Amino acid sequence: MSQEIGNVLKDMIKEKNMTVFSLAKEVDVDRSTFQHFLSGKRKLNLEDLRKIMIALNLSKDKKKQLYTLYENEYDDREVLKNYNVHK
């Protein structure tokens, strides 16, 4: 995950008055792993991104923003690989 996606997600988490810990728990991701997603140290797969968007109850526009950032971060093969694995 890029730092840009992580920053956008951090803002969205704040807007929803959630903590990183509570969101990580809700999407069933270890807190340290989730922190690595947000810092850009670890790639986020598409399925986890979907779980995060659901947990945050995001609007269509916010979801579209995150999908666009995700697609820009990973090449088409990576997006397709994630899509096929989690389909």
Side-chain angles (χ1 to χ4, degrees):
M1 175 189 279
S2 76
Q3 183 65 40
E4 185 176 3
I5 297 171
N7 289 336
V8 170
L9 273 174
K10 286 177 197 175
D11 290 341
M12 291 176 178
I13 292 166
K14 284 180 188 175
E15 286 174 11
K16 297 293 183 173
N17 294 317
M18 293 183 82
T19 65
V20 171
F21 177 73
S22 66
L23 182 57
K25 187 175 181 178
E26 190 167 335
V27 297
D28 197 28
V29 173
D30 181 74
R31 184 177 65 165
S32 64
T33 300
F34 199 84
Q35 288 284 17
H36 286 136
F37 289 153
L38 296 177
S39 68
K41 293 179 183 176
R42 185 171 180 154
K43 287 185 178 182
L44 178 67
N45 66 48
L46 195 53
E47 183 60 28
D48 286 335
L49 180 61
R50 286 185 185 133
K51 288 178 185 178
I52 291 166
M53 290 189 290
I54 290 168
L56 290 173
N57 194 28
L58 297 178
S59 68
K60 278 187 175 183
D61 289 338
K62 297 279 186 176
K63 288 178 185 176
K64 191 174 189 178
Q65 178 187 11
L66 284 176
Y67 275 128
T68 300
L69 289 171
Y70 185 88
E71 287 177 347
N72 289 338
E73 175 64 19
Y74 303 112
D75 66 27
D76 290 337
R77 288 181 304 238
E78 184 74 22
V79 172
L80 185 58
K81 176 182 159 194
N82 275 318
Y83 176 77
N84 286 331
V85 168
H86 299 290
K87 193 173 176 184

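What you see is a predicted model; the values in this text were computed from it and never measured.
Looking at L44, L9, I52 one by one, the single match for side-chain contact (heavy atoms from CB on, under 4.5 Å) with L66 turns out to be L9.
Residues L58 and K63 come closest through the heavy atom pair O-CE, 3.3 Å. When all heavy atoms of F34 and I13 are compared, the closest pair comes out as CE2-CD1, 4.1 Å. Here the shortest heavy-atom pairing between D48 and N45 reads N-OD1, 2.7 Å.
In this structure, M53 CE and K60 NZ are separated by 13.0 Å, a value rounded to the nearest 0.5 Å. Atom CG of L23 sits about 4.5 Å away from atom CE of M18, to the nearest 0.5 Å.
Legend: salt bridge (Lys or Arg N to Asp or Glu O under 4.0 Å) pairs involving residues 19-40, not counting sequence neighbours: none detected. Residue pairs satisfying the salt bridge (Lys or Arg N to Asp or Glu O under 4.0 Å) criterion with at least one member in residues 11-20, sequence neighbours excluded, are listed as follows: E15-K62.
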Decide side-chain contact (heavy atoms from CB on, under 4.5 Å) for N7 and K10; before the verdict, give the C-alpha distance in whole Å, the side-chain angles of both, and the deciding distance to 0.1 Å.
CA-CA 5 Å; N7 289 336; K10 286 177 197 175; 3.9 Å; yes
Run the side-chain contact (heavy atoms from CB on, under 4.5 Å) check on L46 and Y67 step by step: do they pass?
CA-CA 9 Å; L46 195 53; Y67 275 128; 3.7 Å; yes
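With sequence neighbours excluded, the residues forming a side-chain hydrogen bond (donor to acceptor under 3.5 Å, both in side chains) with S22 are T19, listed by chain and number.
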